[in-house]
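So that the names make sense, note that chain A is the first sequence line, chain B the second, and so on, each numbered from 1.
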Amino acid sequence: MKIIFWGTRGSLPAPLNGRAVRRKLVNALVKASGKDLGTPEKAEAFCDEELGFAERGTFGGNTSCVQVETVGPDYLICDLGSGAREFSLSALGRHGPGAPQTYHVLVSHVHWDHIMGFPFFVPAFIPGNRIVIYSCHPKFEQAIRAQNHEPCFPVEFTALAAKIEFVTLMPGVAYDIAGTRVTGMAQLHGGESFGYRIEQDGKTAIYTTDAEYKPDDKAQMSRTVAFFRDADLVIFDSMYSLAESISVKEDWGHSSNIMGVELCQMAGAKKLCLFHHEPVNDDDRIASVLAETLRFEEITRTGAPLEICAAYDGLALEF
Amino acid sequence: MSFDEVRFGGAVVVKADQRIDLSNADAFRDALTAAVAGAASAVIVDMSSADYISSAGLRALTIANRAAKAAGKVVVVAALTPLVAEIFTISRFNLVFSTFATVREALEGASPDGLGQFDAA
């Protein structure tokens, strides 16, 4: 199974600004002082070997869009955040606008950061393309149609040239979509949200974003552990610290790195991917949270180690 | 399930178990909230025997803390073992609770009227 992340931020796009770029440059130049970096190859090697991820790159700023590579020709993505635009450009770049494709989209919920990319989803403008949008959410069709509407967007939904279908899913029911088996689960989030268990060729990925898990709700914890059971990858909303998510930001509908580790440990999942990064967190902060999460797993481990990573725009995970 | 508690002046010291997780977090919460109700000024959570606390245990502390604030009292934490201190830091609970190296220091900080009794004990 291969998962490609096109957007990993929550709430709002968070592009890297000039100040942040300059800070990275200055840091790298200081570290490079006295070294022979006279060729692109030597400079690349220096970046890869002597700079940490946050120093040489960025977690990115697009909002939620995650691709599940399918075994067939169709595409499958989770959510239509601003990252959906880059995904769509990449797909068009592979096939060209003259080769129609079918795009399947699982939508977790309709808060703006999860659907804002659709008006810029380029295949929607091209005749011959087919876009099938699935969700357990009761208002997903209404919300997506409403985006492409005056005064907020100049291209009306009805003017889009692709064939666009909406398919309502029922939570707890398994569906065959683009060669994968998809099951939805209701999550705790304002206005409802839904996570998806995606199974393909004996591998399982869980897409659970915009979900709050209350640690003292044994019934919810038990349902969630069953949903995550033995997953190869859990893409998990870790927007807040545990302290924030169960005190001052309780009922804001998000979760934490600590909760992600605990749920994955209980479920026997193999890998946790921290996702839906808080937009005010810069690259250093996200890297620091990842390091702390790795340490937390280490000190609380009772069984097999849980692998942990932090999602970034452009990350590809294969398992 | 019960948690040991001792009263020193206006403070109640509640001793946490070796492990606080989903299996005993409810009982921990109940013990802490009862201690808040019974204390005149402060609840000191003695963590000297705890080598693990889960999110459910930290949630129990949060609930007790809310009850304390509503009643004009405080909940503080004492004698964190090194691993639990790390958990507090990683979870950011170190920003929520005042922590002290020992129960005596916690009494000194939160309820000094109990020091005499503590030293005599």
Legend entry - Close side-chain approach of B:F88 to A:L242, heavy-atom, < 4.5 Å: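 SC-SC contact between B:F88 and A:L242 ruled out.
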
Legend entry - Under 4.5 Å from a heavy atom of chain A, the part of B:I63 involved: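 For B:I63, the side chain is the part near chain A, not the backbone.
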
Inset, instruction - Please report the closest heavy-atom contact between A:I246 and B:F93, naming both atoms and the distance. - result: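 Heavy atoms of A:I246 and B:F93 come nearest at CD1-CZ, 3.5 Å.
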
Legend entry - Partner set under side chain to side chain contact (heavy atoms under 4.5 Å, CB included) for A:A174, not counting sequence neighbours: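 With neighbours one apart ignored, the set is A:R181, A:T183.
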
Legend entry - Value rounded to 0.5 Å, distance of CD1 in B:I87 from CD1 in A:I299: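 Going from CD1 on B:I87 over to CD1 on A:I299, the span is 4.5 Å.
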
Output the donor-acceptor atom pairs between chain A and chain B under 3.5 Å, with atom names and distances to 0.1 Å.
from   : atom 1 : to    : atom 2 : distance (Å)
A:D216 : OD2    : B:R59 : NE     : 3.2
A:K218 : NZ     : B:D26 : OD2    : 3.0
A:A243 : N      : B:S91 : O      : 3.0
A:I246 : O      : B:R59 : NH1    : 3.1
A:E250 : OE1    : B:R59 : NH1    : 3.3
A:E250 : OE1    : B:R66 : NH1    : 3.1
A:E250 : OE1    : B:R66 : NH2    : 2.7
A:E250 : OE2    : B:R59 : NH1    : 3.2
A:E250 : OE2    : B:R59 : NH2    : 2.9
A:E262 : OE1    : B:S55 : OG     : 2.5
A:E262 : OE2    : B:S55 : N      : 2.8
A:E292 : OE1    : B:R92 : NH1    : 3.2
A:E292 : OE1    : B:R92 : NH2    : 2.7
A:E292 : OE2    : B:R92 : NH1    : 3.0
A:R295 : NE     : B:E86 : OE1    : 2.8
A:R295 : NE     : B:E86 : OE2    : 3.2
A:R295 : NH2    : B:E86 : OE2    : 2.5

